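Predicted, not measured: the structure shown is a model, and the values here were computed from it. All heavy atoms count here, side chains included; hydrogens, waters and symmetry mates do not. Residue numbers count from 1 along this sequence.
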Amino acid sequence: MSEAYQQLLRATIEHLERLRSRGVRFVPASTDAAASLSRPPAGRTARRSAPTTEKQPAPPTPETSPAAPVVRLRPPAPGENKQRALETLQAEATACVRCPNLAAARAHVVFGVGNPEAALMFVGEAPGADEDAQGEPFVGAAGRLLDKIIQAMGLRREEVYIANVLKCRPDTPGRRSGNRKPTPEEMATCKPFLLRQVEIIRPRVVVALGVTAMEGLFERRCVITRERGRYQDFGGIPVMPTYHPAYLLHHESVREKRKVWEDMLRVMETLGMEITEKQRGYFLKARSQS
Ligand code: URA
């Protein structure tokens with residue numbers, strides 16, 4: 001991305017931040033202007049290169065293949081600095097006003113957080129109130145449970161990458177609280193950001209947290225009770241669908257927790273992580289009681 005384009009983007013973002021700090025919640029802009037700001041500059045797509053030669057174990061074979069558009073991931077640009085590429089993408093997302101209602105209602109664009117070199121990436125639905133307020137995904141109650149899952153896997157939050165299908169909180173006009181599911185249009189509009197995140201990070205495994213994550217990634221309907229636990233292919237990257245942590249918060253059953261945990265054990269196996277006997281046994285003993 002050219003320095004001139006980056007400067008223009010930075011200046012636009014600063015201008016918009018200044019307006020927001022003065023209480024301006026909506027900036028009129030033509031569709032063309034908004035689209036050209038959020039589009040990568042000409043020439044960027046031409047910088048294709050051969051896939052990385054880094055040797056990694058073959059990904060697991062996808063276990064189901066319901067009809068869905070074929071996902072093609074752009075190979076990494078030679079010498080691409082992942083951190084910098086993510087920062088540039090974040091700047092684009094921060095300036096995005098493609099969903100004017102969401103842009104007007106949001107406190108923050110919740111881009112994503114974690115290690116740009118992560119082997120494991122979690123994808124959730126959309127920011128809730130806590131995430132919108134703090135600008136970071138999964139920092140509320142569901143996020144605390146996700147942190148526990150990550151820790152139980154023997155990882156730290158900083159070692160993985162966490163993002164959502166939608167980068168803005170779905171607005172709930174006329175309501176003071178509560179969340180709503182993103183619409184298919186909102187998910188499709190925001191999809192290029194998630195796709196680029198996956199392309200830049202190139203995790204070895206993606207965990208899709210819940211039905212919306214699956215529907216956002218694969219652009220088709222998903223019945224998570226049927227699909228969880230079975231890898232699906234996302235442009236060469238295995239995606240493990242599992243239940244959303246919020247589901248576990250509402251269904252405090254050891255049986256359901258074990259299902260998610262079994263999905264994580266499979267992920268750990270795929271990543272070649274060491275698994276202790278204790279880890280293998282989590283949520284097993286009390287399973288028959290719930
Ligand atoms: N739920 C999500 O799907 N994402 C978040 O960031 C928080 C809650």
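Note: Ile237 CD1 to Tyr231 OH = 12.0 Å, rounded to the nearest 0.5 Å. One finds the CZ atom of Arg204 at 10.0 Å from the CG atom of Leu120 (value rounded to the nearest 0.5 Å). Here the CD-CG distance, from Gln83 to Asn115, works out to 9.0 Å after rounding to the nearest 0.5 Å.
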message: Go through it in stages, so that I can follow the logic: the residues are Thr225 and Tyr243, the test is side chain to side chain donor-acceptor pair (under 3.5 Å), and I'd like the CA-CA distance, side-chain angles, deciding distance and then a yes or no.
response: CA-CA 8 Å; Thr225 45; Tyr243 293 143; 5.5 Å; no

task: Decide salt bridge (Lys or Arg N to Asp or Glu O under 4.0 Å) for Asp171 and Arg180; before the verdict, give the C-alpha distance in whole Å, the side-chain angles of both, and the deciding distance to 0.1 Å.
output: CA-CA 8 Å; Asp171 61 341; Arg180 73 162 168 85; 2.6 Å; yes

message: Please evaluate residues Gln197 and Lys167 with respect to the criterion side chain to side chain donor-acceptor pair (under 3.5 Å), reporting the C-alpha separation (whole Å), side-chain torsions for both, the decisive distance (0.1 Å), and the verdict.
response: CA-CA 12 Å; Gln197 283 174 307; Lys167 309 303 182 208; 2.6 Å; yes

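With a 6.0 Å cutoff to the six-membered ring centre and a 45° limit on the axis angle, Arg220 counts as a cation-pi contact of Phe218.
A tilted orientation is assigned to the rings of Tyr282 and Trp261, their planes being inclined by 30° to 60°.
Scanning all heavy atoms of the two residues, the minimum distance from Thr242 to Arg228 falls at CA-CB, 3.9 Å. For the pair Ile150 and Arg157, the tightest heavy-atom approach, listed with the atom from each and the gap, is CG2-N, 3.9 Å. In terms of heavy-atom proximity, Pro238 sits nearest to Gly236 at CD-O, 3.8 Å. Of all heavy-atom pairs between Asn164 and Pro127, the closest is ND2-N, 3.7 Å. The two residues Arg169 and Leu102 have their closest heavy-atom pair at O-CD2, 3.7 Å. Pro203 and Val206 make their closest contact through CG-CG2, 3.7 Å (heavy atoms, listed as atom of the first residue, atom of the second, distance).
Considering only heavy atoms from C-beta on, Val260 stays 4.5 Å or farther from Tyr247 through its side chain. At a threshold of 4.5 Å between non-hydrogen side-chain atoms, the residues Met264 and Met153 count as touching. Side-chain contact between Pro137 and Val113 is present, with heavy atoms from C-beta onward closer than 4.5 Å. With contacts defined as side-chain heavy-atom distances shorter than 4.5 Å, the pair Leu73/Arg202 qualifies. Contact check for Leu271 versus Val205: side-chain heavy atoms found under the 4.5 Å cut-off. By the 4.5 Å heavy-atom criterion applied to side chains, Glu215 and Arg221 are counted as neighbours. A 4.5 Å side-chain heavy-atom check between Thr172 and Asn179 finds every atom pair outside the cut-off. The closest side-chain heavy-atom distance from Thr212 to Pro182 is below 4.5 Å.
Gln279 contributes a side-chain N or O that, together with a main-chain N or O of Ala152, makes up a donor-acceptor pair within less than 3.5 Å. Judged by distance alone, with hydrogens and angles left aside, the side-chain atoms of Glu227 form no donor-acceptor pair with the main-chain N or O of Ile224 at under 3.5 Å. Glu131 places a side-chain N or O within 3.5 Å of a backbone atom of Gly140 that can act as its donor or acceptor partner. The backbone N or O of Ala107 sits less than 3.5 Å from a side-chain atom of Asp132, completing a donor-acceptor pair. Side-chain N or O atoms of Arg230 include one that pairs as donor or acceptor with a backbone N or O of Arg226 at under 3.5 Å. At least one donor-acceptor pair under 3.5 Å links the side chain of Glu199 to the backbone N or O of Arg74. Of the possible donor and acceptor atoms, none in the side chain of Lys82 sits under 3.5 Å from a partner among the backbone N and O of Glu117.
Other residues, nucleotides and ligands contribute over 12 non-hydrogen atoms within 6.0 Å of the CZ atom of Arg175.
Each of Lys259, Arg266, Arg258 was evaluated against Glu262; a single residue qualifies, Arg258, per the salt bridge (Lys or Arg N to Asp or Glu O under 4.0 Å) test.
Centroid-to-centroid, the aromatic rings of His244 and Phe122 stay 6.0 Å apart or farther.
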